[in-house]
Amino acid sequence: MVEKTNHHMTSDEFREAGRELVDWIADYYDFVENRPVVPDVEPGDIRSRLPAHPPESGESFDAIMRDVDRVIMPGITHWQSPNFFAYFPSNTSFPSILGEMMSAGLGVQGMVWKTSPACTELETHVMDWVVELLGLPSRFLSTGKGGGVIQDTASSAVLCAMLAARERVTKGVSNKTGAPVNLVAYTSTQAHSSVQKAARIAGIGDENIRMIEVDDTFAMNPVALEKAIREDREAGKIPFFVSATVGTTSSMAMDNVFSISKLLDEQIWLHVDAAMAGSAAVCPELRGMHDGLEFADSYCFNPHKWLFTNFDCSCFFVADRNALTNALSILPEYLRTAEHAAGAIDYRDWQVPLGRRFRALKLWFVIRHYGSKGLQSHVRQHIELAKEFETWVSQSKQFELVARRSLNTVCFAHQQGNAATEAVLQAVNATGKLFASHTKLNDRYTIRMVVGGRDTEHRHVLAAWNNFCTTADEVIAP
Ligand SMILES: *Cc1c(COP(=O)(O)O)cnc(C)c1O
């Protein structure tokens, strides 16, 4: 018998399996609301159901799909469930899934313009659209000195911003000999941990990042920032980077970008992290949160959180693209192209990795499918639902607000204290009927209710509230 030499799936087999998978995904969305949001499994349960060794002979697509249903699905946390209110939304949508599928299908590497011109040019163009869509300052447009790039995450964005800032303040020295020991970065106690991680990776170090105190709205206190910068300068240090947060992770608090920007000079890079909140700027009436952004050096928000675009898609903008590429560009001979020499964008110089996927497709599909009006309408619906939830909490005899509602996020607690709040949250999540997560604000154990699911409607939010109330009746002694 002649041994088979071609083991690939044929295009006809792919057509059939692909149609089946698209149906499978559509069914998943049609019925996901009936599933327990969080799976009932222990660590190791999923692995124990998988064969110990890889197969020697290839298996059929049907066999693989059977194991997806049998082994994988029981271990899925249903982020796309309309009853998912934890952490942050990571919503996606069918246009986005189609764009992702196309990106996988084309399988291009967009590291330099030449390796796929459309990958680069669509990205540049869509990022300019996003500036208009969110009403961002024109300094972030690629038609001027700035420009946008799609990163995998907000963590990568703040790292790239910090590297650019480090390079700018040391005028090239840090790339040659490493970061000087006297550089200092600033963010608030409520900022995302990715700022601290960036400081580690950029060689700044935990001891050289100041966590500035916040006011009673959990926003960075500009007076405390000014004092910290002054004291560091007096001690011979070089303040070089501030990361302000528009929409903090715990409570969606808004740093005042305008006040912060007024304290800084040319030496200090201002980055604005609006990972979750930024999407809300599709609505003109919500753009006040970006006041002062015209003085920022960089800005980031994640369409993969609240703009119906599946992970990963983080939009990162800089006011001066040369500051970014000065820090990150190393041009080996094998990547030299005439087009780059003539000014074409090579996005490899705007990020940490070399290789990059064609992420702009999914964002382009999403923006074209919904239009600005469609996106505004859904974001407004989420905020209205959060508002209503806030009203229920404020009128409740058992629960109370821990912070002012901000956009789609409501932070609340049981009136009897931390142990009661924690008990209620755990009991509610154990019902499988919804999933909410927690944080601590001023040492108060706090439940966070974040509304942003593609399919989340009034009835889901109301059912969640009723669940909190009846569960509290059951688990808390009056
Ligand atoms: C979610 C979040 C991040 C981190 O997002 P990644 O894209 O996963 O790195 C950073 N900052 C804020 C404010 C966030 O909400």
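Counting starts at 1 for both ligands and their atoms, in listed order. Note that the coordinates shown come from a computational prediction; the quantities given were computed from them, not determined experimentally. The basis for the numbers below is simple: all heavy atoms, side chains too, and nothing from hydrogens, waters or symmetry mates.
In terms of polar-atom proximity, Asp273 is counted as a contact of ligand 1, with an N or O under 3.5 Å from an N or O of the ligand. Polar contact with ligand 1: absent for Thr245 (N/O pair, distance under 3.5 Å). Where the criterion is an N or O separation shorter than 3.5 Å, residue side chain and backbone included, Thr248 fails it with respect to ligand 1.
A salt bridge links Lys227 to Glu231: one of the charged nitrogens lies within less than 4.0 Å of a carboxylate oxygen. Between Arg168 and Asp297 there is a salt bridge, with a side-chain nitrogen of the basic residue lying less than 4.0 Å from a carboxylate oxygen of the acidic one.
Atoms of ligand 1 found under 4.0 Å from any heavy atom of Thr249 (numbered from 1 in listed order, with element): 12 (C), 13 (C), 14 (C), 15 (O). Those atoms of ligand 1 with a heavy atom of Gly247 less than 4.0 angstrom away are 13 (C). Every atom of ligand 1 is numbered from 1 in the order shown, and the set under 4.0 Å from a heavy atom of Lys305 is 1 (C), 2 (C), 3 (C), 4 (C), 5 (O), 14 (C), 15 (O). Residue-ligand proximity, His304 to ligand 1, at heavy-atom distances under 4.0 Å covers atoms 7 (O).
Ser155 OG, 2.5 Å is the protein heavy atom nearest to atom 9 (O) of ligand 1. Closest to atom 10 (C) of ligand 1 among all protein heavy atoms lies His192 CG, 3.2 Å. With hydrogens left out, the protein atom closest to atom 7 (O) of ligand 1 is Ala154 N, 2.7 Å, a heavy atom.
For the pair Arg405 (side chain) and Leu407 (backbone), a donor-acceptor distance under 3.5 Å is present.
Thr245 and Asp273 share no side-chain donor-acceptor pair at under 3.5 Å. Under the 3.5 Å distance criterion, with hydrogens and angles disregarded, a donor-acceptor pair is assigned to the side chains of Glu100 and Asn310.
Within the 4.0 Å heavy-atom cutoff, Asn302 counts among the residues contacting ligand 1.
Seen from the ring of Phe94, Arg454 counts as a face-on cation partner, given the 6.0 Å and 45° thresholds.
The aromatic rings of His438 and Tyr445 lie parallel to each other, their planes meeting at an angle below 30°, with 60° marking the opposite boundary.
Ring centroids of Phe389 and Trp465 are separated by less than 6.0 Å, placing the two rings close together.
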